[in-house]
Amino acid sequence: MSRKKIALIGGGQIGGVLAQLIALKELADIVLFDIVEDMPQGKTLDIAEASRVDGFDVSLSGTNDYKDMAGSDLVIITAGLPRKPGMSRDDLLTTNAKIMKQVAEGVGENAPNAFVIVISNPLDAMVTLFQKVSGIPHHKVMGQAGVLDSSRFSTFIAWELGLSVKDVNAMVLGGHGDTMVPLVRYANVNGVPVTELLELKYEGDKEKAKEVMDAMVQRTKVAGGEVVKLLKTGSAFYSPASSAVAMAESILKDQKRLLPTCAFCEGQYGLDGFYLGVPAVLGANGVEKVIELSLDETEKSMLENSVNAVKNVVGDMERLGF
Ligand code: TXD
C-alpha cells in the first residue's frame, strides 16, 4: 500500500493540531499550507522533531505554495478567521468567503482528485462555496461540524450519568449554528435510551429528567460559544481537529462509519441540491450514502428551522456576490 498524502490548508490552531494527530496516527504524509510565511514550515518542523519520541514515520512539510499539495488524497481546510467573544459564526461570512474562494481555486487547480473536508466557519456556507468554486464533485466535498457537536452532546450525557463516554452514542443534525438539532430520542448508552437512564437516576420524576435533558441540549447548541468565551482569543481547536481526523480516517481506510456530516442532499430530508448536517456513510468513495432517519414532528420542525437558518446564510453569501 502506498502512503497517503493529506494537505492541510490553514496552519493556525486547528491546522497545527490536525498535523500532530495525523502524524501520531500515521494516517498520511502531511503538507501544511498557510499564507503566513515560515509559520507552517516552523510548525511541521516542530512536529517532525517529535517523531523519534512518539515513534511515527510520516513526512511533514510546511509550504506557502499551492503546488505542493499536488497528488493529495485528502485536503482539510481550516483557512479563515475564528470567532471572538460575542461573535456568531455568521459574522465571519464576508471575510471567510473571500478566503474560501481563493482556497477553492487553489485546491481545484492543484488537487482536483482529492476528498475535501471543510472546517472553516460559517461551516454550511463555506462548504457550499468551496464546492461551487472548486468544481470537485459533491460526494467528495463535505464539512465537519456534526462529529464535534455530537461529541460535545455525548460528553455532557456521560458527565450527567456518571458513565463512560465510550458507551454514549448521540447524534446532532442540522446546520452548525445555534439551531442545530441534537437528537434526544436516538441518544443511548450501549443501546439503552438516555431518556430512560435519566428517569432511573431521578427516580421516575419525568419532569426533572426532561429538564436535565433540555439543559444538555441547550449547552450543546452553544458549546462552541462557551469555549470562545473562555479562550477569549479564538475558538475551539483540539476537538474540531479530532473530529475531522475521524472523518478523514473513515474515508482513507474505507471504514464506512456512519457519521453526522455536512453533506450534499439530493432529495433527502426534503432538501434538494443543498448542504446540511445529516448522517452519512463515509468510505473510499467519500460520502457514499446519506441516511434518512425517521423524525417525529418536533424533530422535523427543529430541522426545518435549522435548514432555514442555513438557507439564510447561503442566501446572504450569494447576495454578497460569492
Ligand atoms: O467544527 C467546526 N467546523 C469548527 C470550525 C469549530 C471551531 C472553529 N471552526 C472554524 O475553523 C473557525 O471559526 C475558523 O473559521 C476556522 C479555523 O479556526 P482556527 O482556530 O484554526 O483559526 P486560526 O488559528 O486563526 O487559523 C486560521 C489560519 C491562519 O493561520 C491564517 O493565516 C490562515 O488560516 N489563512 C489562510 N490560509 C490559507 N489561505 C488563505 N487565504 C488564508 N487566510 C488566512
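One-based numbering, in listed order, for ligands and for the atoms of each.
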Peer 1: Would you call R185-D296 a salt bridge at under 4.0 Å N-O?
Peer 2: yes
Peer 1: For atom 6 (C) of ligand 1, find the nearest protein heavy atom and state the residue, atom name and distance (0.1 Å precision).
Peer 2: P240 CG, 3.5 Å
Peer 1: Working to the nearest 0.5 angstrom, can you tell me the gap between Q41 CD and L45 CG?
Peer 2: 10.0 Å
Peer 1: Starting at CG of D167, measure out to CG of L161 and round the result to the nearest 0.5 Å.
Peer 2: 11.5 Å
Peer 1: What protein heavy atom is closest to atom 18 (O) of ligand 1, reported as residue, atom name and distance in Å?
Peer 2: I14 CD1, 3.6 Å
Peer 1: Strictly below 4.0 Å, N to O, side chains only: are K210 and E207 in salt-bridge contact?
Peer 2: no
Peer 1: Does D34 come within less than 4.0 Å of K43, counting only side-chain N to carboxylate O?
Peer 2: no
Peer 1: Check T78 against S120 and note the closest heavy-atom contact, atom names and distance.
Peer 2: C-OG, 3.3 Å
Peer 1: Would you mind running through ligand 1 and noting each atom that sits below 4.0 Å from a heavy atom of N96?
Peer 2: 15 (O)
Peer 1: Can you pull out the closest protein heavy atom to atom 33 (C) of ligand 1? Residue, atom name and distance to 0.1 Å, please.
Peer 2: D34 OD2, 3.3 Å
Peer 1: Find all atoms of ligand 1 within a distance of less than 4.0 Å from any non-hydrogen atom belonging to A236, and give their numbers and elements.
Peer 2: 7 (C), 8 (C)
Peer 1: Between R257 and E249, does at least one N-O distance fall below 4.0 Å, as a salt bridge requires?
Peer 2: no
Peer 1: Nearest to atom 36 (C) of ligand 1, what protein heavy atom do you find, and at what distance?
Peer 2: A79 CB, 3.6 Å
Peer 1: Could you give the distance from CD1 (I30) to CG (L60), rounded to the nearest 0.5 Å?
Peer 2: 4.0 Å
Peer 1: Under 4.0 angstrom from ligand 1, any heavy atom of M39?
Peer 2: yes
Peer 1: Would you check the N or O atoms of I119, main chain and side chain alike, for any that come under 3.5 Å of an N or O of ligand 1?
Peer 2: yes
Peer 1: Could you tell me, atom by atom, which parts of ligand 1 come under 4.0 Å of a heavy atom of V36?
Peer 2: 32 (O)
Peer 1: Looking only at non-hydrogen atoms, which of L32, T233, L231, L81 approaches atom 15 (O) of ligand 1 most closely?
Peer 2: L81
Peer 1: Rounded to the nearest 0.5 Å, how far apart are OH of Y269 and CZ of F274?
Peer 2: 15.0 Å
Peer 1: Under 3.5 Å, is there a donor on one side chain and an acceptor on the other for H176 and D149?
Peer 2: yes
Peer 1: State whether the shortest distance between N or O atoms of S120 and N or O atoms of ligand 1 falls below 3.5 angstrom.
Peer 2: no
Peer 1: Which one holds for Q13 and ligand 1: side chain close, backbone close, both close, or neither close, with close meaning a heavy atom under 4.0 Å?
Peer 2: both
Peer 1: Suppose I only count heavy atoms of L92 and a 4.0 Å limit; which atoms of ligand 1 are within that range?
Peer 2: 13 (O)
Peer 1: Can you pull out the closest protein heavy atom to atom 41 (N) of ligand 1? Residue, atom name and distance to 0.1 Å, please.
Peer 2: Q102 OE1, 3.0 Å
Peer 1: Report yes if some heavy atom in the side chain of I6 is under 4.5 Å from a heavy atom in the side chain of L27; otherwise report no.
Peer 2: yes
Peer 1: Which residue from V17, N121, I35 reaches closest to atom 43 (N) of ligand 1 through any of its heavy atoms?
Peer 2: I35
Peer 1: Below 4.0 angstrom from a heavy atom of F33, which ligand 1 atoms are there? Numbered from 1 as shown, please.
Peer 2: 38 (C), 39 (N)
Peer 1: Mind checking whether L148 has an N or O less than 3.5 Å away from an N or O of ligand 1?
Peer 2: no
Peer 1: Any idea which protein heavy atom is nearest atom 8 (C) of ligand 1, and the distance to it?
Peer 2: S235 OG, 3.4 Å
Peer 1: Could you identify the single nearest non-hydrogen protein atom to atom 3 (N) of ligand 1 and state the distance to 0.1 Å?
Peer 2: Q144 O, 2.8 Å
Peer 1: How close does the nearest protein non-hydrogen atom get to atom 16 (C) of ligand 1, and which residue and atom is it?
Peer 2: T78 O, 3.5 Å
Peer 1: Answer yes or no: is there a donor N or O on one side and an acceptor on the other, between the side chain of D65 and the main chain of D68, under 3.5 Å?
Peer 2: no
Peer 1: For atom 25 (O) of ligand 1, state which one of P82, G12, G143, P40 supplies the nearest heavy atom.
Peer 2: P82
Peer 1: What is the distance from atom CG of N121 to atom CE of M126, rounded to the nearest 0.5 Å?
Peer 2: 8.5 Å
